[in-house]
Amino acid sequence: MFDVEEFARIAPDWSRRLHYHKELGSTNDEALRLCSSNPAEPLAVLTDFQTSGRGRRGAAWMSEPGGGLLFSVVIKPRYEKKYWSRLALASGLAISSVLREQYGLLAEVKWPNDVLIEARKCCGILVETQGDYAVIGVGLNVTGSPQGDESVSLSELTPRLGSRETLLAELLTALTNEVNDCADQFEQQVGRLRELCFLEGKQITFKANGKIFTGLAEGISDEGELMVNIDGQSISFLQAEEVRAV
Ligand code: BTN
């Protein structure tokens with residue numbers, strides 16, 4: 001179970017902004033509900049277990065009690081909405097950077113919003129919006145990976161994890177810094193994302209605009225799009241679903 005007192009010791013500023021529940025339906029749902037009351041932000045909603053965790057495209061997000069860090073960050077970006085499509089990438093960058101720098105894990109960003117280690121998913125990100133607020137939901141597998149063979153947990157990969165309270169504090173700080181910067185420092189972020197791009201150089205299939213495409217992932221464009229070589233032509237995609245390396 002998450003130790004709220006320990007978290008308050010490690011991260012007093014964040015602890016005042018943390019809404020912790022032992023169990024919730026979904027932290028994103030609770031965060032969206034909080035947005036209705038025009039809250040001061042950033043704030044975070046955390047739970048040990050979700051009874052109806054949500055993934056992208058309406059999928060369920062499975063978790064084991066206490067096995068993951070399941071949280072949602074509420075922010076009110078100070079920049080124009082045209083930049084909000086960058087939030088997922090900036091969040092993936094933040095999470096991967098913490099896993100690399102603090103824990104020596106070779107985390108990669110799978111465009112547009114997964115974090116992988118050794119080609120297995122350890123973290124999914126679900127960005128939703130309400131009015132002037134954005135909710136960034138993060139499901140990070142810490143000790144369990146109940147999403148199937150293609151998922152992995154951090155504890156399977158490193159003995160030097162430390163406490164969940166410390167990890168959460170590191171993630172919240174990195175995530176809010178990156179999302180704050182993604183309007184005016186995106187060029188620098190894209191440079192770092194290119195170093196961590198899981199898909200680059202891989203043959204992939206994906207769905208975009210209702211159609212299935214196959215091609216060679218060339219990398220991430222200056223705008224954060226995925227550039228794919230399809231039949232000799234380089235095409236950039238801002239959104240795509242079900243991206244798979246084949
Ligand atoms: C995905 O990979 O499809 C995104 C998964 C996002 C899961 C997290 S867990 C915390 C937050 N609350 C939810 O209901 N979903 C996100």
Side-chain angles (χ1 to χ4, degrees), residues 1-2 14 17-35 41-75 84-96 98-99 107-117 119-130 133-154 164 167-168 171-172 174-176 179 198-199 204 206-208 226 239-245:
M1 212 206 308
F2 191 79
W14 269 112
R17 297 163 174 272
L18 182 73
H19 295 239
Y20 166 69
H21 302 260
K22 281 184 191 151
E23 185 177 307
L24 269 181
S26 149
T27 58
N28 264 37
D29 287 348
E30 176 62 8
L32 288 166
R33 195 186 67 74
L34 291 171
C35 291
E41 50 73 56
L43 63 84
V45 178
L46 173 79
T47 192
D48 289 328
F49 183 59
Q50 295 184 134
T51 52
S52 44
R54 295 190 285 109
R56 293 193 299 279
R57 301 181 305 279
W61 180 259
M62 307 309 289
S63 56
E64 291 162 356
L69 271 179
L70 309 169
F71 64 97
S72 301
V73 180
V74 174
I75 56 160
W84 289 25
S85 60
R86 299 174 176 179
L87 290 171
L89 270 181
S91 303
L93 176 63
I95 294 161
S96 300
V98 168
L99 297 180
E108 295 178 293
V109 176
K110 181 177 169 227
W111 184 97
N113 38 7
D114 289 335
V115 177
L116 272 55
I117 304 173
R120 289 184 288 164
K121 178 166 167 173
C122 65
C123 176
I125 298 164
L126 176 66
V127 178
E128 298 181 299
T129 61
Q130 182 165 304
Y133 290 93
V135 169
I136 300 167
V138 176
L140 176 64
N141 294 335
V142 181
T143 55
S145 50
Q147 303 96 22
D149 290 348
E150 292 180 17
S151 65
V152 72
S153 70
L154 305 184
R164 281 156 39 93
L167 177 57
L168 181 68
L171 292 171
L172 290 174
L175 196 145
T176 45
V179 299
F198 170 75
L199 293 176
I204 59 170
F206 58 99
K207 201 167 154 189
L226 185 67
Q239 298 290 343
E241 299 168 12
E242 297 165 40
V243 185
R244 299 189 72 82

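Every number for a ligand or one of its atoms is a count from 1 in the order of the listing.
Of all protein heavy atoms, the one closest to atom 5 (C) of ligand 1 is W61 CE3, 3.4 Å.
Atom numbering of ligand 1 starts at 1 in the shown order; those under 4.0 Å from a heavy atom of T27 are 10 (C), 11 (C), 12 (N). Each of the atoms 4 (C) of ligand 1 lies under 4.0 Å from some heavy atom of I125. For ligand 1, the atoms closer than 4.0 angstrom to any heavy atom of F71 are 10 (C).
Atoms CD and CD, on E64 and Q147 in that order, are 8.5 Å from each other to the nearest 0.5 Å.
Checking R54 against N28 by side-chain atom types alone, no donor-acceptor pair falls below 3.5 Å.
Taking a 4.0 Å cut-off on heavy atoms, G53 registers as neighbouring ligand 1. For the ligand labelled ligand 1, residue K121 lies inside the 4.0 Å heavy-atom shell.
An N or O contact shorter than 3.5 Å links R54 to ligand 1 by distance.
Of the candidates Q50, R57, R56, Q50 brings a heavy atom nearest to atom 13 (C) of ligand 1.
Counted within 6.0 Å of CD on E241, heavy atoms from surrounding residues, nucleotides or ligands total more than 12; the atom is thus considered enclosed.
Of all the heavy atoms of V138, the ones lying under 4.0 Å from any atom of ligand 1 belong exclusively to the backbone.
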